[in-house]
Engineer: 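Would you mind keeping the following structure in view while I ask a few things?
Worth knowing before you read on, the calculation uses all heavy atoms, side chains too, and leaves out hydrogens, waters and symmetry mates. Counting from 1, the numbers follow the sequence of the chain as shown.
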Amino acid sequence: MPSDALKDPQDQARAQDRAFELLARVPYGRVATSMRALPFLAAARHVVADGRLLLRMHRGFGYHEACIGSVVAYGADNLGQERPGDEGQWSVQCVGTCEQIEPTTAELELFGPAPHYADGEPFDPVHLRVAPQFVTVHELRGGLAHSSPSGD
């Protein structure tokens with residue numbers, strides 16, 4: 001649950017800046033919305049461009065249709081993927097309205113090459129923008145990032 005401290009616009013801006021900084025460290029996350037009144041998660045490629053969260057999904061799945069015009073949650077993390085140099089484990093969630101966009105050439109370059117196939121079909125990209133209304137960042141520091149069942 002977001003704290004009351006995030007009601008301060010400066011705290012919200014700092015949280016969004018930190019969230020976007022962390023999101024830039026991983027290429028994929030999950031968008032959550034409802035489809036036919038049921039909760040739904042779908043993977044998406046994301047980039048941050050000019051303070052905007054942009055997503056790329058495969059049009060062929062049709063998941064983007066449930067997102068467009070709706071409030072969505074987008075989450076990404078490095079849980080279970082901590083690399084040398086990481087300061088710890090983190091997760092980010094952005095909640096806001098979603099719209100379909102036509103990205104600029106510069107924005108397309110940020111996404112990098114699209115996959116060739118999605119579930120055996122040619123990948124057909126669709127691009128979305130999430131306008132965050134609130135952002136939550138959770139960071140875990142110290143302890144073990146990973147331990148095996150055998151205790152190694």
Side-chain angles (χ1 to χ4, degrees), residues 1-83 85-141:
M1 186 66 120
S3 70
D4 289 340
L6 290 181
K7 291 181 180 178
D8 176 16
Q10 288 181 332
D11 288 338
Q12 289 176 0
R14 280 192 292 274
Q16 183 166 314
D17 290 347
R18 180 65 175 153
F20 284 177
E21 174 189 330
L22 292 169
L23 286 173
R25 297 180 185 183
V26 296
Y28 286 88
R30 293 155 301 282
V31 63
T33 190
S34 62
M35 182 180 268
R36 294 185 285 284
L38 297 172
F40 184 77
L41 282 172
R45 170 79 168 97
H46 68 262
V47 298
V48 175
D50 298 322
R52 302 179 316 157
L53 178 59
L54 308 180
L55 308 180
R56 178 177 68 196
M57 301 174 73
H58 174 53
R59 184 184 314 268
F61 295 148
Y63 302 151
H64 66 288
E65 293 174 9
C67 298
I68 297 169
S70 297
V71 173
V72 302
Y74 186 77
D77 57 60
N78 74 338
L79 302 176
Q81 306 175 40
E82 189 173 11
R83 297 175 294 202
D86 281 353
E87 300 167 356
Q89 301 287 287
W90 55 265
S91 66
V92 169
Q93 178 176 290
C94 300
V95 176
T97 55
C98 184
E99 65 180 324
Q100 186 172 345
I101 63 161
E102 287 299 324
T104 66
T105 301
E107 291 167 343
L108 286 172
E109 289 174 4
L110 290 173
F111 278 107
H116 296 282
Y117 298 95
D119 289 349
E121 296 180 15
F123 186 83
D124 182 13
V126 61
H127 296 87
L128 308 172
R129 176 176 44 229
V130 177
Q133 303 301 306
F134 71 87
V135 173
T136 304
V137 176
H138 293 290
E139 298 185 67
L140 305 172
R141 298 183 190 274

Engineer: Show the nearest heavy-atom pair for residues T33 and V71, with the distance to one decimal.
Structural biologist: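 The answer is OG1-O, 3.8 Å.
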Engineer: Any non-hydrogen side-chain atom of S70 less than 4.5 Å from a side-chain atom of M35?
Structural biologist: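 A side-chain contact is absent here, since even the closest heavy-atom pair is not under 4.5 Å.
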Engineer: Which atom names give the shortest non-hydrogen contact between A44 and M57, and what distance separates them?
Structural biologist: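 Heavy atoms of A44 and M57 come nearest at CB-CG, 3.8 Å.
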Engineer: Quick one: does any side-chain atom of H46 pair with a main-chain N or O of L23 as donor and acceptor, under 3.5 Å?
Structural biologist: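 Such a contact is found between H46 side chain and L23 backbone.
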Engineer: Apply side chain to side chain contact (heavy atoms under 4.5 Å, CB included) to the pair V135 and F20, showing each step before the final yes or no.
Structural biologist: CA-CA 10 Å; V135 173; F20 284 177; 5.6 Å; no
Engineer: Locate the shortest heavy-atom distance separating A15 from V137; write the atom from each residue and the value.
Structural biologist: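 The pair with the smallest heavy-atom distance is O-CG2, 3.8 Å.
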Engineer: Evaluate side chain to side chain contact (heavy atoms under 4.5 Å, CB included) for D17 paired with E21, printing each intermediate quantity in order.
Structural biologist: CA-CA 6 Å; D17 290 347; E21 174 189 330; over 6 Å; no
Engineer: Please give me the minimum heavy-atom distance between P132 and Q16, naming the atom from each residue.
Structural biologist: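 Closest approach of P132 to Q16, heavy atoms only: CB-OE1, 4.0 Å.
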Engineer: What do the steps show when you test V126 against H58 for side chain to side chain contact (heavy atoms under 4.5 Å, CB included), and what is the final call?
Structural biologist: CA-CA 6 Å; V126 61; H58 174 53; over 6 Å; no
Engineer: Would the distance check show the side chain of N78 and the main-chain N or O of G88 forming a donor-acceptor pair, the cut-off being under 3.5 Å?
Structural biologist: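 Checking the backbone N and O of G88 against the side chain of N78, a donor-acceptor pair under 3.5 Å is found.
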Engineer: Checking R45 side chain against F111 main chain: does a donor-acceptor pair fall under 3.5 Å?
Structural biologist: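 Pair found, side chain donor or acceptor close to backbone of F111.
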Engineer: How long is the span from the CD atom in Q81 to the CH2 atom in W90, to the nearest 0.5 Å?
Structural biologist: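 Interatomic distance, Q81 CD to W90 CH2, rounded to 0.5 Å: 8.5 Å.
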Engineer: Please test H138 against D77 for side chain to side chain contact (heavy atoms under 4.5 Å, CB included), starting from the C-alpha separation and ending with a verdict.
Structural biologist: CA-CA 9 Å; H138 293 290; D77 57 60; over 6 Å; no
Engineer: Salt bridge check, D11 against R14: does any charged N sit closer than 4.0 Å to a carboxylate O?
Structural biologist: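 The answer is yes: the pair qualifies as a salt bridge.
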Engineer: Side chain of R59, backbone of P125: donor and acceptor closer than 3.5 Å?
Structural biologist: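 Yes.
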Engineer: How far apart are the closest heavy atoms of L128 and C67, and which atoms are they?
Structural biologist: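 Smallest interatomic distance, heavy atoms only, reads CD1-CB, 4.1 Å.
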Engineer: Please give me the minimum heavy-atom distance between Y74 and G29, naming the atom from each residue.
Structural biologist: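 Nearest heavy atoms, Y74 then G29: OH-N, 2.9 Å.
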Engineer: So, taking the atom named CD in E107 and the one named CG in D50, what distance separates them when rounded to the nearest 0.5 Å?
Structural biologist: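 Going from CD on E107 over to CG on D50, the span is 7.0 Å.
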Engineer: Rounded to the nearest 0.5 Å, how far apart are CZ of R129 and CD of E102?
Structural biologist: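 Nearest 0.5 Å value for the CZ-CD distance: 11.5 Å.
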